[in-house]
Amino acid sequence: MQSSLTIKASKLARGFTSLSTSLAASSPRRHVRIDGGGGGGGGTPVANKREAEQSCLASLRLCDTVPKLAQAHTHIIKSGLGNNPLVLTKFASTSSDLDAVDFACSFLFAPDADARLYDAFLFNTVIRACAQSKPRKALAFYNLMLRAGISPNKFTYPFVLKACAGIGDLSLGRSVHGSVFKFGFDEDVHVQNTMVHMYSCCGGGIEFARKVFDGMTKLDSVSWSAMIGGYVRLGESGHAVALFRKMQIARVKPDEITMVLLLSACADLGALELGRWVESYVVRESVQKTVELCNALIDMFAKCGDVDSALRLFRSMSKKTIVSWTSVISGLAVHGRGVEAVSLFDEMIAAGVVPDDVAFIGLLSACSHSGLVEKGRDYFNLMTKRFGIEHKIEHYGCLVDLLCRAGLIQKAIEFVEKMPLEPNPVIWRTLVNACRAHGELKLGEDITKRLIGKEPMHESNYVLLSNIYAKMSHWEKKTKIREVMDTKGMRKIPGSTLIELENEIYEFVSGDKSHDRYKEIYEMLDEMGREIKKAGYLASTSEVLLDINEEDKEDALNRHSEKLAIAFALLRTPPGTSIRIVKNLRVCEDCHSATKFISKIYDREIVVRDRTRFHHFKDGMCSCADFW
DNA sequence: AGTCGGAGGG
C-alpha cells in the first residue's frame, strides 16, 4: 500500500538516503535502495500525527525483509516521522535479520541523527539483534549506551550477558556481572538465569555459574536447563544427569529444552536406558515434541548404539530439517552402514533438501568408515562443483582419514601436501597414526616432532611419538618422552569404559578394583580368558606399548577397562541380552579380537562404542569387518 | 501510553 509513496527530500531524509545507499553498495546481494525523492508523488497527506504513527507502526509490523523495510522507511519519512523515537525504534526492532538491523542502525546512529532520540529500548533492540551472531558488536552498542548516559533496564542484561556468553571470556563476564549488581538487576530471575548460562559458557566459569545457581532463591525450568547445559557443554554429562535428578526431586517440571539437554548427556554417556526413558517421558507428560527434540532423540539413539530406533523415529517425522537428515546420516556412518548413509543422502537431495557443510562431514565420514574411497572422492568434488559449498578443514580431514583408513598412506600424504588450506594438527595426527599402523615410522617421527614444536602442551602428540618409538623398539627414547611429559606435568589420558545397568552408570579403568564386587569381576575375567583361549584366541601383545615382558603384557591386556566392563555385564545381565559399552579411546586390537570370541562363546551381541565409531560384535564377528 | 528478556538439535 505504500509502494506509491515517495519522499520529498527533507534534510533528514537526505542524510538517511546517502547512508542507506552506501549500505546498499556494501551489500549488493540485498539490493537495498531508498527512493531519494522525485518520482511518483501523489501521497496522501496524513491527517494527524497519531494516525501517522499508527500507520507507520502497522506497516512496520508487516516488514520481514530488507526491501520491505526500505519501503517502510520511505513511508516514515513521507509521514514526517523521521525523528519520531517510537517509530524509529520500532523500525530497528522490526527485523530479526541482522542486515536489516544494520540498515536501521545506519541512520539511527548517523552523525547527524538526534542523540536525544536514544533510549534504553533502542539500545536493547540493537543489542538483542547482535547478541547471538555478533557478540562483540552487541557489547560495543552496550558500551555506547553507557557512554551516552543511558541507564540499562531489566531487559538489557539478558542480551548483554548472552553476548558475553558468545565471547566466552571470563574476566569480561565478571566485570559485566559487577555492572548487573551495580544497577540492581541481580535479583531478577531472567538475569540470573542468563548469568548462569554466561558463566557456564566461559572457560573456567562453571564454578561461578554454580555459585549464582546455588544462590538463587527461585529456580525455574530455565535455571535448571542453564546449569545442566553448562555441564553438558563441559563434557560433564554425569554431573548433568545428577543435576537433572535433583531437578526432579525439587519438583520442577522439565520442558522440551531440558529434555534436549538431557538427551545430549545420554548421547555422551551412551546411556540408552535413560534415553529411552526420556522418550517415554516426553510422550507421557506430553512435552512438546519439537523438531529439535526429535533431532536430539535421533542423535541419542545413534550415539547409544541403537541406530535402528534413530531411523524409525526419523521416518516417522512429518517435518524434517537438514539437522534431522544429518543426524541420521552421521549415525549410520559411525555404525559402519555407509551404503545406507550414502543412499539416504541421495534421497535427501532428491527430496529437495539443500545440504550444508555439516551434512557433508557426515557423508564423507560414512564413506571413510565403510571404505567407500571412490564414492568419498566423488562427493568431495561434487561438494564444491555441484553444491557450491566450500571445503573446510574438516572436509579435508575426512578425506585424509578416508585415504588413511583404506591404507593409501602415500596418497594421503600427497593430498595433504597439495591441499590449499594449512593442515591442522588433527590432520597431522591422523597421518601420523596411519604412519605408525603402516610402518612409515621415520616419517611419523618427523611429523610428530614438528607437531610437538608447534603444540608443546598437547599430550596426544607425545603419546603418538611414544607409540612410534615403542613400535620401533626404541625403549630408551620412549622412556625419555615419559620424562619430558612428567616434567611438563602431563599425563596420558587413561582408557576408561562406561556401562549403564539398571539406571546406574558404572565406569571402569584399566586394572580397576574400586567396585565392591571386584573379586567376582576378576573371577569372571579369568573364566573369560580361559574360555576364549580354548576357542583359539591369541593375545596380541604387540599392541601393549609398555616396556615389559610378554607375560606381564598379557596380564595388562586382560585388565583393560573394556574387558572389565564386559565381565561385569556378563555377571549382571540375563543370558542372551545385548551388552552395550562405551570406551573413551579407540578400542585396542586385542580387546577387539577378544570381544569377537566372547560374543560367540557367551552368545551375546556386544555393542562397543569407541572414540570414533561403533563395533557390533555377534557370533564371533564384528560389523566393522576389522576395518577401523 | 509505551513496545523489549533467560536455557536447546547435526
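Quantities reported herein were computed from a predicted structural model and do not represent experimental measurements.
Contacts of A:Val291 with the nucleic acid, taken as non-hydrogen atoms under 4.0 Å apart, include base atoms. Nucleic acid contact class of A:Asp299 (heavy atoms, under 4.0 Å, all strands): sugar-phosphate only. No engagement by A:Val196 is indicated, since no non-hydrogen atom pair under 4.0 Å with the nucleic acid exists. At the heavy-atom level, A:Lys162 lies under 4.0 Å from the strands shown only through sugar-phosphate atoms. When heavy atoms are screened at a 4.0 angstrom cut-off, A:Thr321 is found touching base atoms of the nucleic acid. Nucleic acid contact for A:Val232: none, since no nucleic acid atom lies under 4.0 Å from a heavy atom of the residue. Contact annotation for A:Ser327: backbone-only contact, meaning every heavy-atom pair under 4.0 Å involves sugar-phosphate atoms and none involves a base. Residue A:Ser225 is in base contact, counting any heavy-atom pair closer than 4.0 Å across all strands shown.
For A:Phe159 and B:dT3, the CZ to P distance is 13 Å, given to the nearest whole Å. Here B:dG5 presents its P atom at 19 Å from CE of A:Met195, a figure rounded to the nearest Å. Going from atom CZ of A:Arg210 over to atom P of B:dA7 covers 19 Å, rounded to whole Å. Regarding A:Leu219, its CG atom lies at a distance of 16 Å from the P atom of B:dA7, rounded to whole Å. One atom, CH2 of A:Trp224, and another, C1' of B:dG8, lie 18 Å apart when rounded to the nearest Å.
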Can you give each donor-acceptor pair under 3.5 Å made by side-chain atoms of residues 224-232 of chain A, sequence neighbours left out, with the distance rounded to 0.1 Å?
unit_1, atom_1, unit_2, atom_2, d
A:Ser225, OG, A:Ser221, O, 2.8
A:Ser225, OG, A:Thr258, OG1, 2.9
A:Tyr231, OH, A:Arg210, NH1, 2.9

Please set out all donor-acceptor pairs under 3.5 angstrom arising from side-chain atoms of residues 235-251 of chain A, sequence neighbours excluded.
unit_1, atom_1, unit_2, atom_2, d
A:Glu236, OE1, A:His239, ND1, 2.9
A:Ser237, OG, A:Asp268, OD2, 2.5

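In the model, A:Asp169 has a side-chain atom that pairs as donor or acceptor with a side-chain atom of A:Ser171 under 3.5 Å. Remark: the A:Asn124 side chain and the A:Thr156 side chain contain an N/O donor-acceptor pair separated by less than 3.5 Å. Inspection of the A:Asp220 and A:Ser223 side chains reveals an N or O donor paired with an N or O acceptor under 3.5 Å. No hydrogens or angles considered: nothing links the side chains of A:His395 and A:Asp357 as a donor-acceptor pair under 3.5 Å.
DNA chain B lies under 4.0 Å from at least one heavy atom of each of the following residues of residues 348-362 of chain A: A:Asp356, A:Val358, A:Ala359. In the region residues 261-290 of chain A, proximity to DNA chain B at under 4.0 angstrom, judged on heavy atoms, holds for A:Leu261, A:Thr290. Within residues 246-257 of chain A, the residues that have a heavy atom under 4.0 Å from DNA chain B are, in order of number, A:Asp255, A:Glu256, A:Ile257.
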Please assess A:Phe141 against A:Phe109 for the test ring pair (Phe, Tyr, Trp, His ring centres under 6.0 Å), listing each intermediate value before the final yes or no.
CA-CA 10 Å; A:Phe141 278 122; A:Phe109 296 103; 5.2 Å; yes
Under the ring pair (Phe, Tyr, Trp, His ring centres under 6.0 Å) criterion, do A:Phe360 and A:Tyr379 qualify, and how do the steps go?
CA-CA 8 Å; A:Phe360 272 97; A:Tyr379 279 116; 7.0 Å; no
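In this structure, A:His190 does not reach the B:dC4 phosphate: none of its side-chain N or O atoms is under 4.0 Å from OP1 or OP2. Residue A:Arg233 has a polar side-chain atom (N or O) positioned under 4.0 Å from OP1 or OP2 of B:dG8.
Separation of the A:Phe213 and A:Tyr199 ring centroids does not fall under the 6.0 Å cut-off.
Under the salt bridge (charged side-chain N to carboxylate O under 4.0 Å, His left out) criterion, the residue pairs touching residues 327-342 of chain A are A:Asp308-A:Arg337, A:Arg337-A:Glu340, with sequence neighbours excluded.
The side chain of A:Thr326 lies closest to B:dG10, out of B:dT3, B:dG10, B:dA7.
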